[in-house]
Amino acid sequence: MGPVPKPLIAGNWKMNGMRGSLAQIKEIAASNMLASGKFDALICVPATLLHSAALVTSDTPLKIGAQDCHDRENGAYTGDISAGMIADSLGSHVIIGHSERRTRYREDDALVRSKTIAAHKSGLIAVVCIGETEEERSSGRTLDVLRYQLAGSLPDGATGENTVIAYEPVWAIGTGRTASIADIAEAHRFIRSELCKRFNSEGDRMRILYGGSVKASNADEILHVENVDGALVGGASLTARDFLSICSAY
Ligand SMILES: O=C[C@H](O)COP(=O)(O)O
């Protein structure tokens, strides 16, 4: 077993970014902040930018990942890409089970688990997303939802090396609303204890990111909550300036 991994600031560009956006990637990759080695940095780009982004960052500390993968190795699945193809394009990470996919494409925990296994088989680090809806929170079911999502989405082979958890309350994504510091602390403490119950010491090594309207003005407070090992950032990861301001919290 290796040491506890460093915190991770991960950007998710979602369906944003054309070739010109590689300038932002290059600027992030060249920052002295990343060279400090205090944290890891990752940008998950659209599939169209994956290989070119990986090539322009190959000699830098910035990692490049994808935003989804199929659970099969290959076959007649129009429009999809496999974990192996992501690895072949030099991506190192893949986001799995983002709420935007769970909701729109009805991806359930079993499929998320199957995709996570596929990612691990191809040597990728899976960033597995979980989080409650507003209705689940207001009816007091947040921790139950997190328990079921973790149990159903993570395969037995998950370790601190191959898996990162992203806790994203669905109602906080892209809305400008963030969970309170007390709610973030409670959710992350709960996730940590569930991970340790199932994976023993590996549970302590899995990074738990917070996601949902993270920006420069709230990053410092959120990133210093116990058991918060980084952030998954959407809108504020699209420019180098915004992304690096969040990184400066470390
Ligand atoms: O994957 C990132 C999350 O969905 C958060 O997005 P956001 O920072 O735009 O709220």
Side-chain angles (χ1 to χ4, degrees), residues 5 7-17 21 25 28 40-51 53-54 57 62-72 79-131 146 149-150 152-155 158-170 172-174 191 206-214 228-238 243 246:
L8 171 67
I9 304 289
N12 175 10
W13 276 15
K14 306 190 179 184
M15 200 173 71
N16 298 293
S21 314
I25 296 279
I28 294 169
D40 292 330
L42 162 73
I43 301 285
C44 293
V45 293
T48 49
L49 288 180
L50 186 58
H51 189 51
T57 55
L62 182 63
K63 306 280 184 215
I64 298 296
Q67 300 171 12
D68 180 46
C69 66
H70 200 279
D71 62 330
R72 302 283 173 89
D80 280 318
I81 57 172
S82 69
M85 290 167 180
I86 294 168
D88 186 50
S89 297
L90 308 178
S92 56
H93 293 63
V94 58
I95 297 172
I96 299 178
H98 191 283
S99 70
E100 286 152 14
R101 297 199 63 87
R102 286 180 183 262
T103 308
R104 173 144 193 182
Y105 303 106
R106 299 181 195 282
E107 293 192 1
D108 61 10
D109 293 335
L111 181 56
V112 172
R113 181 175 174 281
S114 184
K115 290 183 174 196
T116 303
I117 292 171
H120 291 165
K121 273 192 190 154
S122 291
L124 299 179
I125 299 174
V127 180
V128 179
C129 301
I130 58 171
L146 298 182
Q149 287 183 336
L150 283 171
S153 303
L154 295 181
T159 68
E161 296 296 329
N162 66 21
T163 305
V164 174
I165 309 297
Y167 166 58
E168 302 203 306
V170 177
I173 295 175
I191 292 166
M206 282 183 211
R207 290 177 282 194
I208 309 171
L209 313 184
Y210 172 79
S213 298
V214 175
V228 173
D229 307 308
L232 181 56
V233 185
S237 71
L238 292 173
F243 185 76
I246 292 171

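Since the structure is predicted, the reported quantities are computational estimates derived from the model, not experimental observations. In this chain, residues are counted from 1 in sequence order.
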A.B. asks: Test side chain to side chain contact (heavy atoms under 4.5 Å, CB included) on Leu154 and Gln149; report intermediate values, then the result.
C.D. replies: CA-CA 8 Å; Leu154 295 181; Gln149 287 183 336; over 6 Å; no
A.B. asks: With no hydrogens and no angle check, is any side-chain donor or acceptor of Ser153 less than 3.5 Å from a backbone partner on Leu150?
C.D. replies: no
A.B. asks: Quick one: closest heavy-atom pair of Ile86 and Cys69, and the distance?
C.D. replies: CD1-CB, 3.7 Å
A.B. asks: Any donor-acceptor pair under 3.5 Å linking the side chain of Ser213 with the backbone of Ala172?
C.D. replies: yes
A.B. asks: Minimum heavy-atom separation for Gly17 to Pro46, with atom names?
C.D. replies: O-CG, 4.3 Å
A.B. asks: Quick one: CD1 on Ile96 to CZ on Arg101, what's the gap to the nearest 0.5 Å?
C.D. replies: 10.5 Å
A.B. asks: Closest approach of Gly91 and Leu124, non-hydrogen atoms and distance?
C.D. replies: O-CD2, 3.4 Å
A.B. asks: Out of Ile125, Leu232, Val164, which residue meets the side-chain contact (heavy atoms from CB on, under 4.5 Å) rule with Leu8?
C.D. replies: Val164
A.B. asks: Starting at CG of Leu50, measure out to CD of Gln67 and round the result to the nearest 0.5 Å.
C.D. replies: 9.5 Å
A.B. asks: Provide the closest heavy-atom pair for Ala83 versus Ala118 in the form atom of the first, atom of the second, distance.
C.D. replies: CB-O, 3.5 Å
A.B. asks: Within the supplied structure, the quantity of interest is the number of heavy atoms (other residues, nucleotides, ligands) at a distance under 6.0 Å from Lys14 NZ; does it exceed 12?
C.D. replies: yes
A.B. asks: Where the side chain of Ser122 meets the backbone of Ala119, is there a donor-acceptor pair that is under 3.5 Å apart?
C.D. replies: no
A.B. asks: Return yes if some donor-acceptor pair links the side-chain N/O of Arg113 with the main-chain N/O of Gly152 below 3.5 Å, else return no.
C.D. replies: no
A.B. asks: Kindly state each residue pair satisfying side chain to side chain donor-acceptor pair (under 3.5 Å) with at least one member in residues 79-99, sequence neighbours excluded.
C.D. replies: His98-Glu168
A.B. asks: Closest approach of Lys115 and Asp68, non-hydrogen atoms and distance?
C.D. replies: NZ-OD1, 2.8 Å
A.B. asks: Please check: side-chain N/O of Thr159 versus main-chain N/O of Glu161, any donor-acceptor pairing under 3.5 Å?
C.D. replies: yes
A.B. asks: Please confirm whether the backbone N or O of Ile208 pairs with a side-chain atom of Asp229, one donor and one acceptor, at under 3.5 Å?
C.D. replies: yes
